[in-house]
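Inspection log for the structure reproduced underneath, given as structure tokens.
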There are 2 protein chains.
Amino acid sequence: MPTSIKENYLKALHYLSLQSSEISVTELGNAMDVSKPTVNVMVKNLASKGWVVHEKYQPIRLTPEGKRAAAKVIRKHRLAELFLYQVMGFGWEEVHAIAEELEHVKSEYFFQRMDEMLGQPLFDPHGSPIPDASGHMPSTHYILLSQVAVPCKVVVKAIADSSPEFLIYLNEKNIQLGTELTLIHKEAFDGNLTVSFNHCDKAILSQSVASRLLVDSVSETTKSKKHR
Amino acid sequence: MPTSIKENYLKALHYLSLQSSEISVTELGNAMDVSKPTVNVMVKNLASKGWVVHEKYQPIRLTPEGKRAAAKVIRKHRLAELFLYQVMGFGWEEVHAIAEELEHVKSEYFFQRMDEMLGQPLFDPHGSPIPDASGHMPSTHYILLSQVAVPCKVVVKAIADSSPEFLIYLNEKNIQLGTELTLIHKEAFDGNLTVSFNHCDKAILSQSVASRLLVDSVSETTKSKKHR
DNA sequence: TTGCAAAGTTAGATATATCTAACATATTTT
DNA sequence: AAAATATGTTAGATATATCTAACTTTGCAA
């Protein structure tokens with residue numbers, strides 16, 4: 001069983017692996033907000049547990065067991081977030097911070113019961129998929145709003161940044177998961193996107209915002225309606 | 001803010017204080033399952049935080065701030081137990097172990113919300129009173145079943161031992177909080193108590209069991225019906 | 001009232017997770 | 001290709017929480 005600190009390293013390694021499976025000591029140090037020597041020591045430790053592979057001056061890489069261990073922590077985090085949102089009535093901008101603590105609770109029963117109460121949910125309140133109990137991370141195929149070509153119609157599927165600041169911004173703009181955005185114009189200079197939604201709202205979303213929203217394109221033939 | 005280990009020492013000190021406000025290093029070591037030197041170091045640490053007073057070779061004593069800090073942890077524990085029982089449907093024999101973890105969650109919102117959802121409850125599933133948010137521990141006046149003179153009628157008000165083993169025993173015997181016990185006979189030799197309850201059940205409760213049940217005597221005039 | 005056992009303390013070691021300072025290796029730039 | 005910069009490692013220190021071994025104090029009993 002990893003300590004909660006090691007669990008946090010595993011999570012960080014998972015998120016960094018999304019960019020590239022090869023992770024540098026510096027990157028991990030920045031992500032965990034610790035010095036490079038600290039990373040060095042910890043990586044040796046994680047390697048001895050079989051969660052990463054690492055050779056001198058080489059990049060760090062999660063092993064399959066490491067990925068599974070990370071997914072189990074992320075499962076707990078996301079189940080907790082959805083529980084806090086759905087059962088306890090917290091706002092989607094509040095759940096992340098509390099889930100950061102709950103994810104380290106060891107009791108499997110606690111999360112099993114959450115899972116049951118929520119009906120084996122597939123997504124957390126920010127649209128991120130919930131890994132299964134055996135540590136399998138579901139894959140998603142969403143794209144960043146910033147990478148969509150205009151004009152186009154898309155649906156907001158997930159949020160790539162769960163910070164309260166960003167979520168409160170979305171609350172104010174009235175953008176939620178499932179909101180259908182019609183992309184009207186993209187400013188070449190700064191990437192600002194003019195969008196309309198909810199049949200009347202209109203907004204200009206900065207590059208910064210667009211790169212934090214994961215969307216799915218709405219095919220004219222309205223075919224795929226799989227999840228949420 | 002105490003670390004979760006210090007929170008456990010505070011809890012142990014609270015429970016030992018119920019017997020006598022003067023606590024020995026040995027007692028605390030036994031309660032925490034650590035060596036005496038470990039207690040020594042930790043007590044210095046707790047004293048530097050103002051939670052205990054301790055002079056060389058003297059007994060340890062919780063300060064008012066220490067009592068308040070302990071009560072806050074116990075509040076979290078008991079709120080968590082009731083939440084697990086009432087909202088999440090765990091058995092009263094399961095909640096203690098999970099609450100041992102949840103009590104260390106720092107987020108005040110989490111417990112505030114539990115408190116609201118449960119309607120500012122006064123007692124946990126084992127009948128123990130829930131301290132208020134400012135760290136005030138309510139007093140109770142219940143007596144141990146083992147100390148009641150027979151014949152008599154009493155109501156089970158609280159359980160002095162939340163171990164799954166004991167609670168499962170009570171489940172099997174069909175004894176719950178609120179169960180009215182008619183004490184028929186007390187064996188002088190071993191303290192075995194013959195009791196009847198639920199209008200038909202009868203049981204012989206050992207000294208060991210009777211000393212783990214907190215009861216209130218049922219006055220013939222059926223006056224006080226304050227809590228649960 | 002002395003002597004010994006129980007209780008408490010000190011000293012020094014270990015494990016985890018962190019740091020800074022100094023050094024080593026890679027990579028990039030000119 | 002050499003110099004400069006970035007990246008990574010080693011060594012040694014710190015804080016927390018723990019241990020064992022050895023020593024001290026207290027208090028009871030002979």
Side-chain angles (χ1 to χ4, degrees), chain A residues 1-14 16-17 19-62 66 69-70 73 100-101 103-106, chain B residues 1-14 16-17 19-62 66 69-70 73 100-101 103-106:
Chain A
M1 233 97 294
T3 63
S4 38
I5 289 169
K6 291 201 183 78
E7 289 183 336
N8 287 339
Y9 278 89
L10 289 171
K11 271 197 306 171
L13 285 162
H14 164 82
L16 292 170
S17 295
Q19 300 300 117
S20 149
S21 65
E22 305 206 325
I23 299 143
S24 72
V25 167
T26 305
E27 281 175 319
L28 185 51
N30 291 341
M32 291 296 298
D33 199 29
V34 296
S35 69
K36 284 180 280 186
T38 298
V39 172
N40 227 275
V41 170
M42 181 55 82
V43 163
K44 276 186 187 125
N45 205 313
L46 295 173
S48 79
K49 300 269 196 296
W51 290 317
V52 299
V53 286
H54 181 231
E55 277 161 75
K56 257 196 186 181
Y57 296 103
Q58 291 309 116
I60 306 156
R61 207 184 266 277
L62 274 175
V73 181
E100 285 286 306
E101 296 199 65
E103 72 191 6
H104 303 300
V105 166
K106 303 275 172 295
Chain B
M1 231 99 295
T3 64
S4 38
I5 288 168
K6 290 201 185 78
E7 290 183 336
N8 287 339
Y9 279 89
L10 288 171
K11 271 197 306 171
L13 285 162
H14 165 82
L16 292 169
S17 295
Q19 300 299 116
S20 148
S21 66
E22 304 206 328
I23 298 143
S24 73
V25 167
T26 305
E27 280 174 319
L28 184 52
N30 291 341
M32 290 298 297
D33 200 28
V34 297
S35 68
K36 283 179 283 185
T38 298
V39 172
N40 227 274
V41 170
M42 182 54 81
V43 163
K44 277 188 186 120
N45 206 313
L46 295 173
S48 79
K49 300 270 194 299
W51 291 317
V52 299
V53 285
H54 181 231
E55 278 162 73
K56 256 197 188 179
Y57 298 103
Q58 291 310 115
I60 306 156
R61 209 185 264 276
L62 274 174
V73 180
E100 284 287 307
E101 297 199 64
E103 73 191 6
H104 303 299
V105 166
K106 303 276 171 294

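Since the model is a prediction, treat every value here as computed from it, not as a measurement. Numbers restart at 1 for each chain; the letters A, B, ... are given by sequence-line order, proteins then strands. These numbers come from the heavy atoms of this one structure, side chains and all, not from hydrogens, waters or symmetry mates.
Under the rule for a side chain to side chain donor-acceptor pair (under 3.5 Å), the partners of Thr38(A) that lie at least two apart in sequence or sit in another chain are Ser35(A). Every residue was checked against the side chain to side chain donor-acceptor pair (under 3.5 Å) condition with Glu101(A), not counting sequence neighbours, and none meets it. Annotation: side-chain contact (heavy atoms from CB on, under 4.5 Å) contacts of Val41(A) (sequence neighbours excluded): none. With sequence neighbours excluded, the residues that form a side-chain contact (heavy atoms from CB on, under 4.5 Å) with Ala12(A) are Leu28(A), Ala31(A), Met32(A). Contacts of Glu22(A) classified as side chain to side chain donor-acceptor pair (under 3.5 Å), with partners at least two apart in sequence or in another chain: Arg61(A). Partners of His14(A) under the side chain to side chain donor-acceptor pair (under 3.5 Å) rule, at least two apart in sequence or in another chain, do not exist in this structure. In this structure Asn40(A) satisfies the side-chain contact (heavy atoms from CB on, under 4.5 Å) test together with Val25(A), Lys44(A), sequence neighbours excluded. By the side-chain contact (heavy atoms from CB on, under 4.5 Å) test, Glu27(B) pairs with Leu16(B), Ile23(B), Ser24(B), sequence neighbours left out.
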Throw together a table of side-chain donor-acceptor distances under 3.5 angstrom for residues 47-60 of chain B, partners on residues two or more places apart or in other chains.
| residue | atom | partner | partner atom | Å |
| --- | --- | --- | --- | --- |
| Ser48(B) | OG | Asn45(B) | O | 2.7 |
| Lys49(B) | NZ | Asn45(B) | OD1 | 3.4 |
| His54(B) | NE2 | Gln58(B) | O | 3.1 |

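A heavy atom lying under 4.0 Å from DNA chain D marks the following residues of residues 3-13 of chain B, by number: Thr3(B), Ile5(B), Lys6(B), Tyr9(B).
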Using nucleotides 7-10 of chain D, report all nitrogen or oxygen pairs with the protein that are shorter than 3.5 Å.
| residue | atom | partner | partner atom | Å |
| --- | --- | --- | --- | --- |
| dG8(D) | OP2 | Thr26(A) | N | 2.9 |
| dG8(D) | OP2 | Thr26(A) | OG1 | 2.5 |
| dT9(D) | OP1 | Tyr57(A) | N | 2.9 |
| dT9(D) | OP2 | Asn40(A) | ND2 | 2.2 |
| dT9(D) | O5' | Asn40(A) | ND2 | 3.3 |
| dT10(D) | OP1 | Lys56(A) | NZ | 3.3 |
| dT10(D) | OP2 | Lys44(A) | NZ | 2.9 |

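For the pair Val34(B) and Lys49(B), nearest-nucleotide mapping onto DNA chain D gives the more 5' position to Lys49(B).
Of all the heavy atoms in Leu10(B) and Ala69(B), the pair that sits closest is CD1-CB, 3.7 Å.
With a cutoff of under 4.0 Å to any heavy atom of chain B, the contacted region of DNA chain C is bounded 5' to 3' by dA7(C) to dA11(C).
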